[in-house]
Amino acid sequence: MPELPEVETICRGITPFILNKKITKIIINRTDLRWPIPKNLSSYLKKSVISQITRRSKYILLTTTKGTVIIHLGMSGKLLILPKNHTPIKHEHVIFHLDNGYTLSFVDPRRFGTILWTTNDPNEHKLIKPLGLEPFASNFNGSYLQAKAVNRKISIKQFLMNNSNVSGMGNIYTNEALFLAKLNPQTLVTNISAKQWQSLAKQIQVILNQAIEQGGTTLKDYRNSENQQGNFKVFLQVYDRKDLKCYKCNNIIQHFRQNQRSTYFCPQCQKK
DNA sequence: ACATTGACCTGGGAGC
DNA sequence: TGCTCCCAGGTCAATG
């Protein structure tokens, strides 16, 4: 489900409710997610205070006085701020009780998400360490992308979907960024000019910024920490617009399956 | 080292 | 109504 803008929206949404709050209790209803949730998370973190909430790629990091919680939402994960005595929700796997009367609840029907814990530098964690630059990092630009693509024999779509190249991009915003940069999703990375890399880097930032402003994209499931939908769906240029007219040129948006994922593009605006 | 495929899950919608 | 099939905002491990 959530890509960078959605995860960023969730981070911003939960921060006022959990920053500097003490974790009084953690209830774990099931541990068998993408990676097993540590059973003793509660004993590790009880009475610790959340001192910082940060996003790294699609991960949410909760820095506490006793270690760092690493959260990934997978395809269907939500983090909800709820009153302490709320009625249980289906698929509510982990519930952090806080000393302000709220809970931070992790709800994830498909269980592709996870919650992990480390006392070491989270940037050294095996899931975090391989990640590429954040798109809003000061050294993120066309040259960075081009250097990452040297000698690679893959399409630009596949390249962007790999978070060790750029972190935070998923299927929606990859499709959208390629449209804005006028690049065909099947173009091989070796055939992209420096100027095109530069444009792509710029458009990645543009699309992500716009989506963050709108609180992300809700196709079906995505909800922010207050269980509200994101508003960016109506701004999508190609994603989920199969057989509809391109807003720029009126040609018909095409859809096909590329590396097991849905790809949408305008054959006129994004020629090979 | 890199590219591709399978696997992990639940739920919703289309088609019959 | 109900059954089957296909699809979905992700990504790691195994395989070539």
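Hydrogens, waters and symmetry mates are skipped; everything else that's a heavy atom, side chains included, is used. In what follows, every chain begins at residue 1, and chains take the letters A, B, ... in the order their sequences are listed.
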Look for any protein N or O under 3.5 Å of an N or O in nucleotides 2-6 of chain B and output each such pair with its distance, or none.
residue : atom : partner : partner atom : Å
B/dA3   : OP1  : A/K153  : N            : 2.5
B/dA3   : OP2  : A/R152  : NE           : 2.7
B/dA3   : OP2  : A/R152  : NH2          : 2.8
B/dT4   : OP2  : A/Q158  : OE1          : 3.2
B/dT4   : OP2  : A/Q158  : NE2          : 2.8
B/dG6   : N7   : A/Q260  : NE2          : 3.3

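- In summary, the side chains of A/N100 and A/K84 do not present any donor paired with an acceptor at a separation below 3.5 Å, with no hydrogens or angles considered.
- Regarding A/I70, its CD1 atom lies at a distance of 14 Å from the P atom of C/dT11, rounded to whole Å.
- Summarising the local packing, NZ of A/K148 is surrounded by more than 12 heavy atoms from other residues, nucleotides or ligands at distances under 6.0 Å.
- Per the geometry, CG belonging to A/L33 stands 13 Å off C1' belonging to C/dG10, to the nearest Å.
- One interatomic measurement links the two molecules: CZ of A/R34 to P of B/dC8, which rounds to 11 Å at whole-angstrom precision.
- Distance alone, capped at 3.5 Å, is enough to place a donor-acceptor pair between the A/T65 side chain and the A/V49 backbone.
- Of the residues in residues 216-230 of chain A, those lying under 4.0 Å from DNA chain C by heavy-atom distance are A/T217, A/L219, A/K220, A/D221, A/Y222.
- Residue contacts for A/E3: at a heavy-atom cut-off of 4.0 Å it reaches the sugar-phosphate backbone alone, with no base atom in range.
- Considering only residues two or more places apart in sequence or on other chains, A/K129 meets the salt bridge (charged side-chain N to carboxylate O under 4.0 Å, His left out) condition with A/E124.
- Contact check on A/K58 versus A/E3 returns no salt bridge, with no Lys/Arg side-chain nitrogen under 4.0 Å from an Asp/Glu carboxylate oxygen.
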- Task: With ring pair (Phe, Tyr, Trp, His ring centres under 6.0 Å) as the test, would you mind laying out the steps for A/F96 and A/F106 before giving the verdict?
- Result: CA-CA 8 Å; A/F96 295 85; A/F106 178 72; 8.7 Å; no
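- When the salt bridge (charged side-chain N to carboxylate O under 4.0 Å, His left out) test is applied to A/E92, no partner is found at least two apart in sequence or on another chain.
- Under the ring-ring contact (aromatic ring centres under 6.0 Å, His included) criterion, A/Y264 pairs with A/Y239, A/H255, not counting sequence neighbours.
- Following rounding to the nearest Å, A/N175 (CG) and C/dG10 (P) show an atom-to-atom distance of 10 Å.
- Applying the side-chain hydrogen bond (donor to acceptor under 3.5 Å, both in side chains) definition to pairs two or more places apart or across chains, those involving residues 214-224 of chain A are A/Y173-A/T217, A/N224-A/Q228.
- The closest donor-acceptor contact from the side chain of A/S164 to the backbone of A/P130 lies at 3.5 Å or more, if one exists at all.
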- Let me have DNA chain B in dot-bracket notation, would you? Count Watson-Crick plus G-U wobble pairs, both distances under 3.5 Å, and use [ ] for pairs crossing earlier ones and | for inter-strand partners. .|||||||.|||||||
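- Rounded to whole angstrom, the span from the OH atom of A/Y264 across to the P atom of C/dC7 amounts to 10 Å.
- For the pair A/S262 and C/dA8, the criterion of a side-chain N or O lying under 4.0 Å from OP1 or OP2 is met.
- Taking all atoms of both residues into account, the shortest heavy-atom contact from A/L19 to A/S51 is CD1-O, 3.4 Å.
- We find that CZ of A/R30 is positioned 12 Å from C1' of B/dC8, with the value rounded to whole Å.
- With a 6.0 Å cutoff to the six-membered ring centre and a 45° limit on the axis angle, A/R241 does not count as a cation-pi contact of A/F179.
- We find that CG of A/D32 is positioned 13 Å from P of B/dC8, with the value rounded to whole Å.
- The nearest heavy atom of DNA chain C to A/R257 and to A/S57 marks one nucleotide each, and the one closer to the 5' end goes with A/R257.
- Here the separation of B/dC9 from C/dA14, taken at their P atoms, is 16 Å to the nearest Å.
- Under the rule for a salt bridge (charged side-chain N to carboxylate O under 4.0 Å, His left out), A/R152 has no partner lying at least two apart in sequence or in another chain.
- Regarding A/W35, its CH2 atom lies at a distance of 12 Å from the P atom of C/dT11, rounded to whole Å.
- Among all heavy-atom pairs drawn from A/T64 and A/G67, the shortest one is OG1-O, 2.7 Å.
- Contact record, A/F159 with A/N165: O-ND2, 2.9 Å, taken as the closest heavy-atom pair.
- Here ring pair (Phe, Tyr, Trp, His ring centres under 6.0 Å) pairs that include residues 50-75 of chain A, with residues two or more places apart or in two chains, are A/Y59-A/H72.
- Within residues 103-113 of chain A, the residues having any heavy atom closer than 4.0 Å to DNA chain C are, in order of number, A/R110, A/F112.
- Residue contacts for A/F159: at a heavy-atom cut-off of 4.0 Å it reaches no nucleic acid atom on any strand shown.
- Sorted by first then second residue, the salt bridge (Lys or Arg N to Asp or Glu O under 4.0 Å) pairs that include residues 105-115 of chain A, not counting sequence neighbours, are A/D32-A/R111.
- Neither OP1 nor OP2 of C/dT11 sits under 4.0 Å from any side-chain N or O of A/K126.
- Among the protein residues, A/K90 comes within range of the sugar-phosphate backbone only, with heavy atoms under 4.0 Å from sugar or phosphate atoms but none that close to a base.
- Close to B/dG11, at under 4.0 Å from its OP1 or OP2, lies a side-chain N or O of A/H91.
- Contact between the side-chain N/O atoms of A/H72 and the OP1/OP2 oxygens of C/dG10 is not found at any separation under 4.0 Å.
- In the region residues 234-248 of chain A, proximity to DNA chain C at under 4.0 angstrom, judged on heavy atoms, holds for A/Y239.
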